[in-house]
Amino acid sequence: MNRAYKFRVYPNREQRELLDKTFGCCRFIYNKMLEERKTVYGQKKNDKKALNNYKYKTEKQYKQEFECLKEVDSKALQSEWRNLQSAYRNFFSGLKKGRKVGFPKFKSKKNKQTYTTFSINNNCKIDFEKRKIKLPKINTWINYRDDRIFTEEIKHITVSKNRSGKYHASIVIERESTFTPRQDLEDNKIIGFDMSAPKFLIAKEIEFVNPRFYRMEQKKLKRLHRELSRKQKGSNNKKKSNLKLANLYNKINNRKKDWMHKVSHLLSKHFDCVILEDLNIKGMQHFNSGLSKSVTLDFSWNYFVNILTYKMEQKGKHLILIDRYFPSSKMCSLCGYVNNQLRLDDRKWTCQECNIEHNRDINASINIRSKGLEILKENRIKIIRNNDRTVGTTGFAFGEDVRLINQQFLRKKEATSL
Ligand SMILES: [Zn+2]
């Protein structure tokens, strides 16, 4: 299993120049290679064989043509070739499936800058004591700030500079999971959640409400965007405005990620198995067509699922994602009747068959949990029933009095146990 550590790094002026140069060269070679492919594609559009057999220039040839490329990390240049290959492949496989995929795009100076280098012969090193990192082709050690330590060998490092001008190094190592997944789970430590955009995770017993950091700052963001648009192109004021905006976006993003880490930490700590729907964010946007754009920014579902997966795996616990076409909302969790008349904005509904009244999200979460239990059983995982009502799913792990987990609860928890 790959594990990434993202460290904020603090290059000095000289190092910054070298890093910036590497970003520039990587972008340059990527764009050059793309240009070549674009031209060839334009000429031989329908001749796939010709496209594949065409002798594109190699990194070596580019280096001969453009001397300056020799001054930067060659592994970084090579990974640009790999990046382009995969973008190109995606484009073709998209065409094949009849999807509308654009041709790979040129890299722009305006976006976040990155390059990836591979660790070979110990050319990437970390001194945890002095908090310094050594990158290929950069002769001096770069300072970083982070407390984390690991013992595994470095596989590769992605260096980035975001739009606020901050540098990070994302260090990837391979870690063998020493945890074997548990083969028997306690029934009351299995929880299913419905994901609903105005909130976040909903179950009968608890819910996690997204504080929605983007929406909170929406006014400020709007003001800064307006300010930016008034500034003259190329002026220093425009740059300053740009930086302000990028900083605010960063700050919001960090707060959101922090919150998601806390939620996933709590879940992995208290439950043996978490069952969720395998959502795609595009579908969710559609589902929430009435909600603002900030929803997309506030609900990083994939990010959340990724960190939760990792945290559960590390403890030998289970995360189950239910097929997104499972009719979790439309199905009566009591009798199984499927209500095809249910509209997207129906928050409550009554089952025609058994007359029970449902809360849309809670009913869905019960269905998601049942579906998850089925999958556990199919995988021969033993479920230990616990009939002791006092230990029921009801917020047991969070203390008797806590049924609803919201932002305030997390803040309180933070002070005590987190
Ligand atoms: Zn029913």
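These numbers come from the heavy atoms of this one structure, side chains and all, not from hydrogens, waters or symmetry mates. Residue numbers run from 1 in the order of the sequence given. For ligands, and for the atoms within them, numbers begin at 1 and follow the listed sequence.
- Crowding of Arg82 atom CZ: a count of heavy atoms from other residues, nucleotides or ligands under 6.0 Å exceeding 12.
- The Zn ion (ligand 1) has Cys332 SG, Cys335 SG, Cys351 SG, Cys354 SG as protein N, O or S atoms under 2.8 Å away.
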(message) Assess the residue pair Asp272 and Arg182 against the criterion (side chain to side chain contact (heavy atoms under 4.5 Å, CB included)); give the C-alpha distance rounded to whole Å, side-chain angles, the decisive distance to 0.1 Å, and a yes or no.
(response) CA-CA 8 Å; Asp272 291 345; Arg182 287 196 206 167; 2.9 Å; yes

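- Taking the six-membered ring for Trp and the full ring otherwise, the centers of Phe200 and Phe304 sit less than 6.0 Å from each other.
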(request) For Ser119 and Lys155, run side-chain hydrogen bond (donor to acceptor under 3.5 Å, both in side chains): C-alpha distance rounded to whole Å, both residues' side-chain angles, the deciding distance at 0.1 Å, then the answer. (result) CA-CA 6 Å; Ser119 176; Lys155 280 177 81 183; over 6 Å; no

(message) Using the rule given for ring-ring contact (aromatic ring centres under 6.0 Å, His included), can you reason through Phe91 versus Tyr41, listing the C-alpha separation, both sets of side-chain angles and the distance that settles it, and then say yes or no?
(response) CA-CA 12 Å; Phe91 168 67; Tyr41 184 70; 5.6 Å; yes

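- The shortest heavy-atom contact between Glu153 and Ile173 is O-CG2, 3.4 Å.
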